[in-house]
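Heads up, the thing below is written out as structure tokens.
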Amino acid sequence: MSIYGDKNSESPRKKSGASWCDDLNRSRKPGPHLSSDHELNNENHPATICVHAGSYSDPATGALGTPIFQNSTFLLNGGQYKAIEEGYARDRFIYTRYGNPNQWAVQEKISELEKAESSLVFSSGMAAISASVLGLVDKGAHIVTSLDLYGGTYNFFHQDLPSLGMQTSFVDPLDLKAIENAIRPETQLLYFEIISNPLLKVIDLIGLQKIAQKNNLRLVIDSTFASPINCLPLKFGADIVLHSASKYLNGHSDLIAGTASGSRKLMDRIWQRLLNFGGCLDPHACFLLERGLKTLALRMRAHNENSKAVADYLSIHPQISKVFYPLLETNKDYNSTKDLLKGAGGMVTFNLKGGDNAALKLARSLNLFKEATSLGGVESLISLPFNTSHASMTEEQRQRMGITSGCVRLSVGVENKNDLLRDLENGILAATK
Ligand SMILES: *Cc1c(COP(=O)(O)O)cnc(C)c1O
């Protein structure tokens, strides 16, 4: 017997001819919510939301904060059978792949931060991306996306979607004309990253939203590099905002997770894909993610301040030929970027004179910046695109993308600013003497 009961029984879902998740005409409430006294208070500052939203105190024990519900299944009662039968299984606890209190606590916190009706938490950023994209397009669909996507996302679009009968065009994310020109009659989705890797180009979200609206396309934004503290893509008209929660949302480089947020209607569709592809997040990882989220606003303030100090320092350093940073006052699009981003996040990219050899020496000379890929954790990291994210390309291909020899990417952490600057000063001296 399926979780939805006997195949032959009549249910409203079957009468409508569509699964209730996919039925976009069904009326819906935001959520699901863990606490019955939930009330969305739009006046709360993000720092307050980070601490309080979604967190659940156990009424039986009075334990403060969400306990870990490390269980795969839940007692079935009349209410749950009814939910299954009538098509609101997403609003009841039945089985942890379908939903679990620890998942709901995280989802509610993210929803309040992103100003979304509903959110889902996944076992990785890639699980969130693949389930979301496949939840929003049909067979035969065409997608327009960026030339310089996150590698995993590029591989998903490039390798997996064609075998499912979908095509993707990859265009310069800053060239709105090229984006419009790439749209075909069968285009259904625009997919872009808020800030590109590694050159930290910031998209024109307002321009993209206009294109999406004009052409009746869904707009999906991977906002991993910004976090909901620095940008709220849904407020700018995006339909879905995605995160690799492995980065800023969790913030401690100790778990892999992803999130998706948007209207309840679209999130129900994506929930169906989560069920079928199986990328649910384990309750214990949810607990860790919820704990990390409590300090998101505090951490982002430190990332924003430290990265600005590092970018300013590198901008006037004689051994640095170029700095890529979204909020440098000398950037020609500084004013429009400032309208989009409250802070730049922790990423700073720069070109070191002396090329990739000097960059390697720098990576090995630093003490506080650790040589590792990924980003968004409390600890500062250094990585070089030529031997990590862009290692599969030739030097010429990288050059064409603007990634020159000597390109260094920093994920600036939350350590003391002056300690980080001193470490860079000493490292650059050792690498270029
Ligand atoms: C890391 C990352 C992903 C993938 O997330 P995982 O949690 O590693 O699956 C997707 N998009 C961006 C921008 C990322 O940085």
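Read the numbers this way: they start at 1 and go in the same order the structure lists the ligands and their atoms.
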M126, any N or O under 3.5 Å of ligand 1 N or O: yes
To which protein heavy atom is atom 4 (C) of ligand 1 closest, and what is the distance rounded to 0.1 Å? Y150 CE2, 3.4 Å
Can a donor-acceptor pair be found, under 3.5 Å and without considering hydrogens, that links the side chain of E193 to the backbone of Y150? yes
Nearest to atom 12 (C) of ligand 1, what protein heavy atom do you find, and at what distance? D222 OD2, 3.4 Å
Please, which pairs that meet side chain to side chain donor-acceptor pair (under 3.5 Å) have at least one residue in residues 228-243, sequence neighbours excluded? E114-H243, N230-N304
Between I129 and ligand 1, which part of the residue brings a heavy atom under 4.0 Å of the ligand: side chain, backbone, both or neither? side chain
Under the 3.5 angstrom rule, does the side chain of T337 hit a backbone N or O of L327 as a donor-acceptor pair? no
Which atom of N102 lies closest to which atom of N100, heavy atoms considered: N-OD1, 2.8 Å
Looking only at distances, can you tell me whether any N or O atom of G125, backbone or side chain, sits closer than 3.5 Å to an N or O atom of ligand 1? yes
Looking only at heavy atoms, which two atoms of L205 and L219 are closest? And how far apart? CD1-CD2, 4.1 Å
For atom 7 (O) of ligand 1, grab the closest protein heavy atom and report residue, atom and distance to one decimal in Å. S246 OG, 2.6 Å
As an exercise, identify every atom of ligand 1 less than 4.0 angstrom from a heavy atom of A257. 7 (O)
For ligand 1, is any non-hydrogen atom under 4.0 Å from S374's backbone (N, CA, C, O), its side chain (CB onward), both, or neither? neither
Under a plain distance cut-off of 3.5 Å, with no hydrogens placed, do R90 and S118 share a side-chain donor-acceptor pair? yes
Is there a heavy atom in A127 that sits closer than 4.0 Å to ligand 1? no
Atom 2 (C) of ligand 1: closest protein heavy atom, distance to 0.1 Å, is K247 NZ, 2.5 Å
Do R273 side-chain atoms and R269 backbone N/O form a donor-acceptor pair below 3.5 Å? yes
Quick one: which ligand 1 atoms are inside 4.0 Å of a heavy atom on S244? 1 (C), 2 (C), 3 (C), 4 (C), 5 (O), 6 (P), 7 (O)
E415 side chain to S380 side chain, donor-acceptor N/O pair below 3.5 angstrom: yes
Enumerate the atoms of ligand 1 whose separation from the nearest heavy atom of S124 is less than 4.0 angstrom. 7 (O), 9 (O)
Atoms of ligand 1 less than 4.0 Å from T224 heavy atoms? 12 (C), 13 (C), 15 (O)
Polar side-chain atom of N331 near backbone of D333 as donor-acceptor pair, under 3.5 Å: no
